[in-house]
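To find a chain, count down the sequence lines: A is the first, B the second, and so on, and within it residues start at 1.
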There are 2 protein chains.
Amino acid sequence: MSLPQAAARYLQVKDFILERIAGGSLRAGERVPSENELTRTLTVSRMTANRALRELAADGVLVRVAGVGTFVAEQRVHAHPLEVRNIADEIRARGHEYRVKVLALDSVSASRELAERCGVKPGAQLDYSLLTHFEDAAPLQVEERYVNPQVAPGYLRNDFSRTTPHEFLIRVAPLQRAEHIVRALVPERRIRRLLRLEAGEACLLIMRRTFSHGRIASVADLYHPGSRYELAASCQPR
Amino acid sequence: MSLPQAAARYLQVKDFILERIAGGSLRAGERVPSENELTRTLTVSRMTANRALRELAADGVLVRVAGVGTFVAEQRVHAHPLEVRNIADEIRARGHEYRVKVLALDSVSASRELAERCGVKPGAQLDYSLLTHFEDAAPLQVEERYVNPQVAPGYLRNDFSRTTPHEFLIRVAPLQRAEHIVRALVPERRIRRLLRLEAGEACLLIMRRTFSHGRIASVADLYHPGSRYELAASCQPR
DNA sequence: CGGGACTACTTGTCTATACAGGTCCAGGGT
DNA sequence: ACCCTGGACCTGTATAGACAAGTAGTCCCG
């Protein structure tokens, strides 16, 4: 272990653009520097600038038009898409009492696997929380969450008895996109005990990644008791 | 407007790999040709081969290990729950063989509970089917479906080895809306055996109702093995 | 027999250069 | 007034060459 390896240059170029978008000096629809301009101002080859812009375009952060230029994509920022809901609101909407128990709250160093999921470099600091959300007396969700402090700073300073992680995140990091993977499993013992499940009971795991400013703001594993929770979705074909 | 523009070479390389995966000559976990081998056999530059493999890795098709090689990723099954898709297409898109087994096909009289779910009067006739969909040799979905013949007539006359229920329904009853409820459970014995699950294994149940002409066309319970199936959803708020 | 150096091969990155094709605008000819 | 033609600039792709770093096997030396 020594000198922190300098990040790849194409990653530096991506960060250069992303920081300008996050900082507000590049707004949706505005033009970003062309490959040739980046070549000059950042002293990289055009191929390197090309790769940075191409990957950002593949991620939906930028839009490129041959012969014209590269522009910041219109990000539809929406406080509350149907699929990403606040569990406290859900519970209260059913007329029940919402309560949360904070089991862990910490800053951790990302393992390689975690770093990959969160889109950061291995070893980067991430805010970590482990909460159980209760509906009346029964646990309804175990939420294990990692937050990128670069994208959503101040996560650990929250009082989660008053603000849910979800509320904090939509305030600090406007939600651009969310990815979900849903899985059914019989959980390990730790989760089973937190959800107070019988041995052999199934649980529903929702793995969620939320994006803000083209970067991953937060990664969460949400465990629900299979017997008391279901996911509803309604869709209309376009 | 003719002369089919030759596809970009890096796309040709991607196709070369994808075809070999689809065709079965490259299986999960197996090694794919190195960049240098592709350079020789396909007469492209290493950068072009690199781009092809890198993009396939970004898509999750391949896994690359520096110093070792590039391998076909273990594909975890993915689907988009918010879209209603055809499971046969999904399986074939992964380059696997699709097969279906018809376990029951009948006309039944709706119980009170079923009638409520289907939006018909108790005692009304409903078409019923029970199918198992296979990916190669492994069952991927048990589909238990009730169809309202008033909305989608002729369901029972289908040859389901050639037309999936989904294909029939979208042809006969234009899809207007779909409702999904997703649940995790350890299934009853009947489902467990059809999915060839171990005792105590979890499965993912998707209960789907599709609407056509403002009426419920079909109600389906779709059971998937929890160990081999997951739902993926990406949502962009609009 | 064990360990370390060496080697061959891999991915990962970076650069300079090249050409093709799209877009836009200005300027000149009709 | 209209067209259309060049040039400037953009993205998109392709190549050859280079160096770094990771991995695994071999082979030699102690």
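Distance from the side chain of B:Tyr10 is smallest to D:dT13 among D:dT13, D:dT23, C:dT11.
Between A:Arg40 atom CZ and D:dC10 atom P the separation is 7 Å, expressed in whole Å. In this entry the distance linking CG of A:Asn36 with P of C:dT23 reads 18 Å, nearest Å. As rounded to whole Å, 18 Å separates atom P of C:dC9 from atom CZ of B:Arg64. With rounding to whole Å, B:Glu35 atom CD is found 16 Å from D:dT23 atom P. Between the CD atom of A:Glu55 and the C1' atom of D:dT11 there is a distance of 16 Å, given to the nearest Å.
Between A:Val68 and B:Gly69, the residue anchored nearer the 5' end of DNA chain C, judged by the nucleotide with its closest heavy atom, is B:Gly69.
Ring pair A:Tyr155/A:Phe168: centre-to-centre distance below 6.0 Å.
Sorted by first and then second residue, the pairs that involve residues 13-27 of chain B and meet side chain to side chain donor-acceptor pair (under 3.5 Å), not counting sequence neighbours, are B:Lys14-B:Glu55.
Between the side chains of B:Thr70 and B:Arg64, a donor-acceptor pair is found at a separation under 3.5 Å. When only modelled atom types and interatomic distance are considered, A:Tyr128 and A:Glu144 share a side-chain donor-acceptor pair under 3.5 Å.
Distances shorter than 4.0 Å separate none of the side-chain N or O atoms of A:Thr70 from OP1 or OP2 on D:dC10.
The stretch residues 42-51 of chain A touches DNA chain D through A:Arg46, A:Met47, A:Asn50, each having a heavy atom under 4.0 angstrom from the strand.
The number of heavy atoms from other shown groups lying within 6.0 Å of CD (B:Glu198) does not exceed 12.
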